[in-house]
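Notes follow once the structure below has been shown.
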2 protein chains.
Amino acid sequence: MKIGELAQIAKCTVETVRYYEKVGLLPAPARTAANFRHYGPDHIERLRFIRNCRALDMSQEEIRSLLELVDRPAEKCGSINAVFDKHITHVEERMRELLNLKQQMTALRERCQAEQTIGDCGILQGLAAMENEPPHERHTHLG
Amino acid sequence: MKIGELAQIAKCTVETVRYYEKVGLLPAPARTAANFRHYGPDHIERLRFIRNCRALDMSQEEIRSLLELVDRPAEKCGSINAVFDKHITHVEERMRELLNLKQQMTALRERCQAEQTIGDCGILQGLAAMENEPPHERHTHLG
DNA sequence: AAAAACCCTGAAGTTACTCTAGGGTCAACA
DNA sequence: TGTTGACCCTAGAGTAACTTCAGGGTTTTT
């Protein structure tokens, strides 16, 4: 099959498929005489796997680790669990961060109920009064 | 004061300060004879405001909107509330997404309790079996 | 006077793609 | 047989919000 069909099956764009090839997540396929990429069932499986990992917000790094392991099916799967568990804690951490932000913002929001002038707006005053904090260094790739 | 001192007060790096100047969030300050940036109290206030907004994960776009409003203090503050409320919904949306991911991953995780071989790992089988979904188009800038 | 600590610019690197420009190929229809 | 439209190709630039680097000047400390 050609790249357009593959992309349709994996529900992504052809640009994304070519991108995965460029960064080495998807092996380069054979080419037709006209230099068109020609894919088989293995490519479908691999691309679907990648897209599913991305749907879970895994990073390229994480996916690369998993793919390396997929290619060695005889070994013990503890390392798979490790990658997976780490990613789950990434997600949990980010959820905690966002909850914290939401609480701060809700508190700020309560400082401006009435229609005041911008100079008197409780939100802006609150934003100006907050203590600066050093940027929270992220150990997760989740934004 | 020079850029290093300003950065220290706002708890960010000098590179970040220069970056904000380049993208127009922070006005360009006067220069000394030796071409060093020279900042006053207004710059401190503005930079602290920007960093506080960033600490709440606001985008440059959002901050730019707020700063424009700050510069017109006589107007009504409804537009401030609008920017703020929209950002709160961004955060709430992203929290819902992450909760959804976490549930999917927890379900997958339960499929591999024992130490099996990679070929038999329930997580990998689950990842391969998931249906591909079109990329979730994001209306939030939160990763 | 020399070394350490600070400042400057401009450009490239980061993630995971997306988009553009400027072409080549192929199937169908007139 | 010609041409239209849908598909394919590469290389390179653009996105957000910075960070890092190369290569150089200034100020402060020893």
Side-chain angles (χ1 to χ4, degrees), chain A residues 1-26 28-39 43 47 50-65 67 87 90 94 134-143, chain B residues 1-26 28-39 43 47 50-65 67 87 90 94 134-143:
Chain A
M1 65 182 15
K2 286 186 290 182
I3 197 170
E5 200 179 340
L6 176 64
Q8 206 170 14
I9 289 173
K11 296 217 176 64
C12 68
T13 68
V14 306
E15 286 83 10
T16 301
V17 178
R18 283 195 285 247
Y19 171 71
Y20 287 153
E21 179 182 327
K22 194 170 68 177
V23 298
L25 287 181
L26 199 61
R31 297 291 184 122
T32 68
N35 198 30
F36 287 12
R37 289 172 179 81
H38 182 69
Y39 296 98
H43 289 99
L47 178 56
I50 296 170
R51 292 307 296 172
N52 283 334
C53 290
R54 287 294 300 134
L56 297 174
D57 258 4
M58 290 186 197
S59 67
Q60 252 183 49
E61 274 289 294
E62 287 169 325
I63 299 174
R64 216 178 291 277
S65 311
L67 284 176
H87 184 58
H90 288 168
R94 182 57 173 157
H136 184 56
E137 53 182 290
R138 33 189 89 271
H139 10 242
T140 114
H141 57 86
L142 299 166
Chain B
M1 65 182 14
K2 286 187 288 182
I3 196 170
E5 201 181 338
L6 176 64
Q8 207 171 12
I9 289 173
K11 298 219 177 63
C12 68
T13 68
V14 307
E15 287 83 10
T16 300
V17 177
R18 284 195 285 247
Y19 171 71
Y20 287 153
E21 178 181 328
K22 194 170 68 175
V23 299
L25 287 181
L26 199 60
R31 298 291 184 121
T32 68
N35 198 31
F36 287 14
R37 289 172 178 82
H38 182 69
Y39 296 98
H43 289 101
L47 179 57
I50 295 170
R51 292 306 296 172
N52 283 335
C53 290
R54 287 294 301 137
L56 297 174
D57 258 5
M58 291 186 196
S59 67
Q60 255 183 46
E61 274 290 294
E62 288 169 325
I63 299 174
R64 217 177 290 279
S65 312
L67 284 176
H87 184 58
H90 288 168
R94 182 57 173 158
H136 184 55
E137 53 182 289
R138 35 188 89 270
H139 10 242
T140 114
H141 57 87
L142 298 165

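Note that the structure is a prediction, hence the values are computed from the model and not measured. Every chain is numbered from 1 and lettered A, B, ... according to where its sequence line falls, protein lines coming before strand lines.
In B/Gln8, the CD atom is not crowded: 12 or fewer heavy atoms of neighbouring residues, nucleotides or ligands sit closer than 6.0 Å.
Two residues are said to be in side-chain contact when any heavy atoms from C-beta on lie closer than 4.5 Å; A/Glu21 and A/Pro29 meet this criterion.
The NE2-P distance, from A/His38 to D/dC7, rounds to 18 Å in whole Å. Taking atom CG of residue B/Asn35 and atom P of nucleotide D/dT27, one finds them 11 Å apart after rounding to whole Å. Summarising the geometry, the separation between OH on A/Tyr19 and P on C/dC19 is reported as 15 Å, rounded to the nearest angstrom. Here the C1' atom of nucleotide D/dG12 and the NZ atom of A/Lys22 are 9 Å apart, to the nearest Å. The interatomic distance linking B/Phe36 (CZ) with D/dG24 (P) rounds to 17 Å, in whole Å. Across the protein-nucleic acid pair, A/Glu15 atom CD and D/dA13 atom P stand 18 Å apart, rounded to whole Å.
With rounding to the nearest 0.5 angstrom, the SG atom of A/Cys53 is 7.0 Å from the CG atom of A/Leu67. Note: A/Leu6 CG to A/Leu47 CG = 5.0 Å, rounded to the nearest 0.5 Å. For the atom pair CZ of A/Arg18 and OG1 of A/Thr13, the computed distance is 8.5 Å after rounding to the nearest 0.5 Å. Note: A/Arg31 CZ to A/Phe36 CZ = 10.0 Å, rounded to the nearest 0.5 Å.
Heavy-atom nearest nucleotides on DNA chain D were determined for A/Arg18 and for A/Pro135, and the one closer to the 5' end corresponds to A/Arg18.
Contact annotation: B/Arg31 side-chain N/O to C/dT9 OP1/OP2 distance is under 4.0 Å. At the phosphate of D/dT19, OP1 or OP2 sits under 4.0 Å from a side-chain N or O atom of B/Thr13. Listed pair A/Tyr20 / C/dA16 fails the phosphate criterion, with no side-chain N or O lying under 4.0 Å from OP1 or OP2. Contact between the side-chain N/O atoms of B/Arg37 and the OP1/OP2 oxygens of C/dC8 is found at a separation under 4.0 Å.
Remark: nothing in residues 51-64 of chain B comes within less than 4.0 Å of DNA chain C through any heavy atom. Of the residues in residues 1-9 of chain B, those placing a heavy atom less than 4.0 Å from an atom of DNA chain C are B/Lys2, B/Ile3, B/Gly4, in numerical order.
Checked against the 6.0 Å centroid threshold, A/His43 and A/His38 do not count as a close aromatic pair.
Using the six-membered ring where Trp is involved, B/His87 and B/His141 have ring planes that are parallel, under 30° apart on the 30 and 60° scheme.
When all heavy atoms of B/Arg94 and A/Asp57 are compared, the pair lying nearest together is NH2-OD2, 2.6 Å.
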